[in-house]
Amino acid sequence: MNSAKSYIEENKDRFLNELIDLLKIPSISADPAYKKDVIAASELVKKRLQDAGCAHIEICETPGFPIVYGEKIIDKNLPTILVYGHYDVQPPDPLDLWNSPPFEPVIKKTEIHPQGAIFARGSCDDKGQMYMHVKAMEYMTKTNQLPCNVKFMIEGEEEVGSASLGWFLERNREKLANDVILISDTGMIAPDVPSITTGLRGLSYVEVEVTGSNRDLHSGLYGGAVANPINVLAKMIAALHDENNHITIPGFYDNVVELSKAERTKMAEAPFHLDNYKKALNIEAVYGEKGYTTNERNSIRPTLDVNGIWGGYTGEGAKTVIATKAFAKISMRLVPDQNWKEITELFTKHFESLAPKGVTVKVTPHHGGTAYVTPINSMEYRAAEKAYEATFGKTPIPQRSGGSIPIVALFEKELQSKSILMGFGLDSDAIHSPNEHFGIWNYLKGIETIPQFYHYFTEMSK
Ligand code: BES
Ligand code: MN
Ligand code: MN
């Protein structure tokens, strides 16, 4: 097949401007105040799929935000690739830490992105990466090189747990039938170290509430004599890890698949520089579960983290008070074969047991998801490998990621489909953080590499 290079070069500015238009829409799925914007983003994606050459496009209503569906079926006997991505984004807060407004995209050069990067919420996660697929589709249809059937499924609730996806899959098995699912919603090791994501962690996300007295109390009159829910919550949270940073929930590790020595040795071959890692984060030391390396801690090991904690007086100055309630949001990243519903129950039981007399505890589960691992000897993995070899001139390294895309395990369960995770973002792109950005080089390299996957996957399916 012809390289997409010259087409991309000629259309580069338009490709960037179209993405910038999409990035201007604050499609924050978590915040009901932005409902209209989320819908507006879905409509723009629909229009752009149409322009890119999809023949049949629709906005599918769900109990939550709509799913944009588009397809081009050229021959029933050819394989079908289903592209999944999301048009919703994380809330941009804290706003004061952004160097430019999150929904007014700007292009700036950075050390890691000498050709410039687009700074905006969603630039990397996932509008920029999703839009690479729309532009790759445009290239293939406009140059008559689409080698197989394509279906697009772009959702608007990924950042809030994809609650409607199970519902949608159950009702649309036929429509979504495919030979492989292609997703760009992860990362790669470095611009000169291409990698394919071969694993995602599962998730259990809960909120906890500790309640003490029936009203806020003067901390002089009552302090020391009754339980302070905030003190108690801090103690309970501290008790969730032991001195080796192992998680103390009984049964938590029971189903964890331990990697063999050989697998761990293989993993350690991937380039990783602890000094650069610490420097980039401005930390003196790393911290984590004893007996595991940094890369193991953030991919093949389960973790428990408090994502937010609040209660009591947090306003200006000092107020002497013992609040009635304290809260925290806690996430547990899970690995094969932990069952997130079971882990949520184990957490709840253990957390309740940690509460002293004098307080009550409520645990509310939010959402969850199952971990995923792909084999690297499958036809689809080899097709992806060849695609990277064609555009990077290097064999990509398989890498298990610490992030979660719960829908990937669901796709396998509901549609019996395998997913290929071709991520082009970098860990330093600050997804979910202030100043999220996506390298222009990465964006264009993705557009160039995706058609190669289509080509090799179709060839190898014959
Ligand atoms: N795209 C990310 C997940 C990701 C990022 C995986 C980088 C691997 C590498 C996705 O949008 C995300 O943020 N997922 C959430 C979970 C979801 C249920 C809210 C996550 O991982 O926190
Ligand atoms: Mn994402
Ligand atoms: Mn995300």
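In this text, all values refer to a predicted model and were calculated from it rather than measured experimentally. Atoms considered below: every heavy atom in the structure, side chains included; atoms not considered: hydrogens, waters and symmetry mates. Both counts, for ligands and for their atoms, begin at 1 and track the order of listing.
For the Mn ion (ligand 2), protein N/O/S neighbours under 2.8 Å (waters excluded) are His86 NE2, Asp125 OD1, Asp185 OD1, Asp185 OD2.
Residues Thr364 and Glu207 have side chains that never bring a donor and an acceptor to within less than 3.5 angstrom of each other. Asp275 and His273 are not linked by any side-chain donor-acceptor pair at a separation below 3.5 angstrom, with hydrogens and angles left out of the test.
Proximity of Ile431 to ligand 1, defined as any heavy-atom pair under 4.0 Å, is confined to the side chain (atoms from C-beta onward). Contacts between Glu158 and ligand 1 below 4.0 angstrom, taking non-hydrogen atoms only, involve backbone and side chain alike. If you look at Asp185 next to ligand 1, the close heavy atoms, those under 4.0 Å, come from the backbone and the side chain alike.
Counting heavy-atom neighbours within 6.0 Å of Tyr7 OH, excluding the residue itself, gives a total above 12. Residue Lys47 places its NZ atom among 12 or fewer non-hydrogen atoms of other residues, nucleotides or ligands, all under 6.0 Å distant. Within a 6.0 Å radius of CG in Leu410, other residues, nucleotides and ligands contribute more than 12 heavy atoms. Open room surrounds NZ on Lys413; 12 or fewer heavy atoms of other groups in view lie less than 6.0 Å from it. Within a 6.0 Å radius of NZ in Lys175, other residues, nucleotides and ligands contribute more than 12 heavy atoms.
Ligand 1 is approached by His86 to a heavy-atom distance shorter than 4.0 Å. Residue Pro406 places a heavy atom less than 4.0 Å from ligand 1.
Without hydrogens or angle criteria, Ser162 side chain to Ile407 main chain gives no donor-acceptor distance under 3.5 Å. Side chain of Ser164 to backbone of Gly64: a donor-acceptor contact under 3.5 angstrom is found.
If you check each of His432, Gln399, Arg333 against atom 22 (O) of ligand 1, the one with the closest non-hydrogen atom is Arg333.
At under 3.5 Å, a nitrogen or oxygen of Glu159, whether backbone or side chain, sits near a nitrogen or oxygen of ligand 1.
The protein atom (non-hydrogen) at minimum distance from atom 9 (C) of ligand 1 is Ser401 OG, 3.3 Å. Protein heavy atom in closest approach to atom 3 (C) of ligand 1: Ser404 O, 3.5 Å. Of the protein's non-hydrogen atoms, the one nearest atom 6 (C) of ligand 1 is Gly403 CA, 3.7 Å.
Of the candidates Asp126, Leu200, Leu421, Ile431, Asp126 is the only one forming a side chain to side chain contact (heavy atoms under 4.5 Å, CB included) with Asp185. The side chain to side chain contact (heavy atoms under 4.5 Å, CB included) with Pro396 is formed by just one residue from the set Ile189, Val193, Ile196; it is Ile196.
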